[in-house]
Amino acid sequence: MAARTLFDKVWQAHEVVAETPGTPAVLYIDLHLVHEVTTPQAFSMLRAHALPVRRPDLTLATMDHSTPTHSAQVFGSVPIKVDAAAKQVRQLEENAAQFGIELFGMRDARRGIVHIIGPELGCTQPGMTIVCGDSHTSTHGAFGALAFGIGTTEVGHVFATQALLQRKPKSLALNIEGNLHAGVTAKDLILGIIGQIGVSGGTGHVLEYRGSTVRALSMDERMTVCNMSIEAGARAGMIAPDETTFAYLEGKPRAPQGAAWEAAVTRWRTLVTDLDARFDASIDIDAGRIEPMITYGTNPGMVMPIGSAIPDRKGDEMFEKAMRYMGFHGGEGMLGKPVNVVFIGSCTNGRLEDLQAAAKILKGRKVARGVHLLIVPGSQQIKQQAESLGLAEIFKSAGADWRESGCSMCLGMNGDTVAAGQYSISTSNRNFEGRQGVGARTLLASPLTAAASAVQGAIADPREML
Ligand code: SF4
């Protein structure tokens, strides 16, 4: 057999019907992750055609996008404040019950952001095809899975058939070598990559992150990197599974156990790109040159090293529109600019290691007067771990607002929003106009940079506080 990439291997193993010039492939789906926002119409589609969910055992639902993060609304008697959110939560409860889908509901200790609970439960495994009605499904590619976001109509197709019509994307190797310097995180790495290749640099491709830098990353860090593949325009991002992956998965409740575990690891070890395999394209990245990064515009490609000046692109209409929205100018520096809100959380940076990084900065320090620091764990399990490790106490002593898990301020639909005109440093993945609330101005950065800026009350270089 010809040498194959990791992506080729996973794709071919799931191709029920091969694509032809006139028809897409039929791809089998191993795991369908479901949340409350992109599913109501898909369930209605099933009802309209009197269809069941084909494989409820391969379908898993949680609530995250529109769930409140205030304890009183999650566990107390206070109703969910946002009406639309309350309706979506209710609808998912009814739909999951009617169609026999396992749901981690509002008060379930395993609830959390869909891209965080899949891995932490061991549902996400190497070699799988995983889909979800959310763009950042690419997160699961950190395990060597082929994982991508789908639209509501496709959610309906997967419910009904456990398969999907897909054209095979091309492959792009990102060869990343060198050590990340102190104070430079996986978030800076992926922002640096997007800065280098652009927001459409990966369009039409599945990325494979390769090289010594990637091998040295923890699973939490790999998930941060794969999570933002979509922000480079890619269909998905993948990392070949290795000992780090197996160590993370071993003993997770839904991972294979006993003899099945041994068999699975043997199979997973074959999920690497063959030595002579050819990618459609490849790009080299020098990780040693990456610094703490921050965005200055309205897409993640408008990004720069934190100590640099905003590039001056007079005459570039998109740039000028972004500068007007953000209230910035080409040529000015970012360090020292005041911030109003700092959000640490989301499926990009709401994992335990992200919270540990933030705690490193916040320990023994105070959040600057007038700054709202909101820290939202990615899942209830992470919340519980952070509390038992004393991180929550560090956050609260610093003056941070510590909440229940959810997507929170990643997007302005659950009651956690940034006011119009305010500046928010966010560890999430999108800085689009209005993403965190109408008129909100979002600056993407790492948990270290976010925490350092919360303390300073202004954009700060975390390397000075480590
Ligand atoms: S945290 Fe943001 S990107 Fe992630 S699943 Fe929630 S809304 Fe989507």
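When a ligand or atom number is given, it counts from 1 through the structure's own listing order. We use all heavy atoms of the structure for the numbers below, so side chains are in, but hydrogens, waters and symmetry mates are not.
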Would you call E353 and K360 a salt bridge, taking side-chain N to carboxylate O under 4.0 Å as the test?
no
Short N-O contact, R90 and E93, less than 4.0 angstrom
no
Taking the basic N atoms (NZ, or NE/NH1/NH2) and the acidic carboxylate oxygens, is any pair closer than 4.0 Å for D242 and R222?
yes
Going by the ring pair (Phe, Tyr, Trp, His ring centres under 6.0 Å) test, name the single residue among F343, Y296, F328 that passes it with Y423.
F328
Would you mind checking if D416 and R403 are paired as a salt bridge, meaning a charged N to carboxylate O distance below 4.0 Å?
yes
Would K321 count as a cation-pi partner of F319, with NZ or CZ less than 6.0 Å from the six-membered ring centre and within 45° of the ring normal?
no
For atom 2 (Fe) of ligand 1, check which protein N, O or S atoms are under 2.8 Å away and list them.
C410 SG
Is any side-chain N of the basic residue among R463 and E291 closer than 4.0 Å to the acidic one's carboxylate O?
yes
Taking only heavy atoms of R435, which atoms of ligand 1 are found under 4.0 Å from at least one of them?
2 (Fe), 3 (S), 7 (S)
Where does H35 meet ligand 1, judged by heavy-atom distances below 4.0 Å: at the side chain, the backbone, both, or neither?
neither
